[in-house]
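Heads up: numbering here begins at 1 and tracks the sequence. Ligands are counted one by one from 1 in listed order, and the atoms in each one are counted from 1 as well.
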Amino acid sequence: MLKLSSLFVRTLREDPADAEVASHKLLVRAGYIRRVAPGIYTWLPLGLRVLRNVENIVREEMNRAGAQEVLFPALLPREPYEATNRWTEYGPTLFKLQDRKKNDMLLAPTHEEMFTLLVKDLYSSYKDLPLTLYQIQTKYRDEARPRAGVIRGREFVMKDAYSFDMDEAGLDESYNVMREAYQRVYKRLGLPFAIVSAMSGAMGGSRSEEFLFPTAIGEDTFVRSPGGYAANTEAVTTPMPEELDASGVPEAASVRTPGASTIASLVDVSNEVNPREDRPWTAADTLKSVVIVATHPDGEKELIVIAIPGDREVDMKRVEAALAPAEVTMADHEAFEPYPELVPGFLGPEVVGPQSERRAQQAEDERPVLRLLLDAHVARGSSWIVGGNSVDVHRYNVVYGRDFEADGAIEAAEVLAGDPAPDGSGALEIARGIEIGHIFQLGRKYAESLGLTVLDENGKTRVVTMGSYGIGVSRALASIAEHYHDDKGLIWPTNVAPAHVHVLATGKEDAVFEMAEKIAAELESAGIEVIYDDRRKMSAGVKFKDYELLGMPYGVVVGKGLKDGNVEIRTRATGESVNVPVDQAVASVVDLVKNDPAGVINA
Ligand code: ATP
Ligand code: MG
């Protein structure tokens, strides 16, 4: 039994200065966590109890799914991460250090390498597979922006699991088993979740899905439709637009558009110098061309022109996903130098496309070919206002397929609320969420670079195929606090609460304390976890405030009513309160806890 007279906890009435989100404020104020440095926290007794409860739910579901628990060190040598190039690729996020002999070491941000090597070390035959291993362990990432307490920490607890299979069918099977297990985990944690595809279908190949807890304070943006489609914005595909009949579109013509170097000014100037008869020009009539630099994994930098409708912004995350594994940035004007035909502010597709004269010239000059990619919204046969490729000039009635061609299509434009879901399930809504889990078919990447092979039935050497499955354990805890609280404090679901019941003795008489202690002890014998506020000389007001802040799902108040033979039973979530005869108190509470819809005892 946790007695508040001796429990190592100090509740605070003031919010910590650095906290912005409710879960962070409340976890600190209620004495669950304590900050050591940015993104680095100590778990206090109550916080640790919740953390262990969350871990245990994850552990039970991993075990149920047939995964086996191991535990790796966090402190690791450089070599395995060198072999997969992650020593470099992980960049400044990797915590690196040296031992006394000047050997490079790291604090692991994730453990693909170690699991792969462990299986390689011990297994050699197809008979050993399939296999799924996991650990619940502390990870280190020097995040650029640690945030919201333990939601984005630099030290945090993750469950990471890895599956090992002979072939794609096996990997699919292992992946689906994990996917099911994840759904059970989040249900038991009481966390709502959306499963979103994390990679565009266009890239093909392996599956990757994220589990997001939908919340306005989330850093991730995703889309969902009324018909159940959900995806990361990076993964949303645009339905192929229908080809338009351009036979009635007049010939393309150049018009002087002084100062029209932005879309807004272009629309204004167009309505002035070259007005339409039927309606005014809008941004949707313009096609803007932007230049990006794609840096390929071999270090090669490629300049690419992307043309997109002027009423949408370029979404660089989507561009990067479409061009993966290249990394992308907007090109600065310096990058334009080898291509004097690119006139900043007045760039148009006609000089860039594969049919253009410049393309032939580029080949002659042995300049790298400048590709033109068209945003997926642009229909063949559609007509546009485009840059005239000389200062203060634009071209009107420029038709895709008639006046210019492209090297390909790209999902470059931002996704907007109301856009159609790619599967026809309705208009997209844009929502925010916190990534609480990620399941990912790695394929043979790690097994190949680290040489994990086994012999198949015919004695042939085969590279193993892998999956990787993460749950942010400490982040899930904070997400629960974010989802279950009110302005007075935390409201833990029974499954993860540090205790099920908070017994309060309010009053001065010994009889009150004796009865409260008796009820607390009897509850404990009945298998209910109890926090007992046994503090003498503490006002009832303070005790109630702490009860609300600490957030146990149920309260038992032994106080004024005792002289009439009653105690009060409170439900924290609803604020409900009922008086019951003292001798029925224990049975009533046991009943409440055991029949709790999210009860740990039911799980
Ligand atoms: P994010 O995009 O939020 O940085 P990630 O994609 O880098 O996360 P993964 O490498 O997929 O994360 O890690 C698996 C899980 O670990 C994530 O789904 C998330 O729940 C959790 N996680 C990742 N980074 C952190 C962090 N800095 N603090 C707490 N939990 C984290
Ligand atoms: Mg992820």
Classify the contact between Arg475 and ligand 1 as side chain, backbone, both or neither, using a heavy-atom distance cut-off of under 4.0 Å.
side chain
Going by the 4.0 angstrom heavy-atom rule, the piece of Ile151 near ligand 1 is backbone
Run the ring-centre check on Phe213 versus His483 and record whether the distance is less than 6.0 Å.
yes
Under a 4.0 Å heavy-atom limit, does Arg154 contact ligand 1 with its side chain, its backbone, both, or neither?
neither
Consider every N or O of Ser474 and every N or O of ligand 1, then say whether any pair is closer than 3.5 Å.
no
Candidate pair Glu113 and Leu76, rule side-chain contact (heavy atoms from CB on, under 4.5 Å), full reasoning
CA-CA 10 Å; Glu113 285 81 353; Leu76 297 173; over 6 Å; no
Check ligand 1 against Arg141 and write out every atom of the ligand that is under 4.0 Å from a heavy-atom position of the residue.
5 (P), 7 (O), 9 (P), 10 (O), 12 (O), 13 (O), 23 (C), 24 (N)
Distance-only polar pair, side chains of Asn63 and Tyr134, donor-acceptor under 3.5 Å
yes
Tyr186 versus Ile471, closest heavy-atom pair with distance
OH-CG1, 3.4 Å
Would you indicate which of Glu435, Met158, His438 comes nearest to atom 13 (O) of ligand 1 when only heavy atoms are counted?
Met158
Find all atoms of ligand 1 within a distance of less than 4.0 Å from any non-hydrogen atom belonging to Glu143, and give their numbers and elements.
24 (N), 26 (C), 27 (N)
Determine yes or no for a side-chain-to-main-chain donor-acceptor pair under 3.5 angstrom, with Tyr182 supplying the side chain and Ile439 the backbone.
no
Should Gly153 be counted as touching ligand 1, given the test is an N or O pair under 3.5 Å?
yes
Using a 4.0 Å cut-off to any heavy atom of Ile436, which atoms of ligand 1 qualify?
18 (O), 20 (O)
Are the side chains of His500 and Val530 in touch, meaning some heavy atoms are under 4.5 Å apart?
no
Counting only heavy atoms not in Met240, do more than 12 sit closer than 6.0 Å to its CE atom?
no
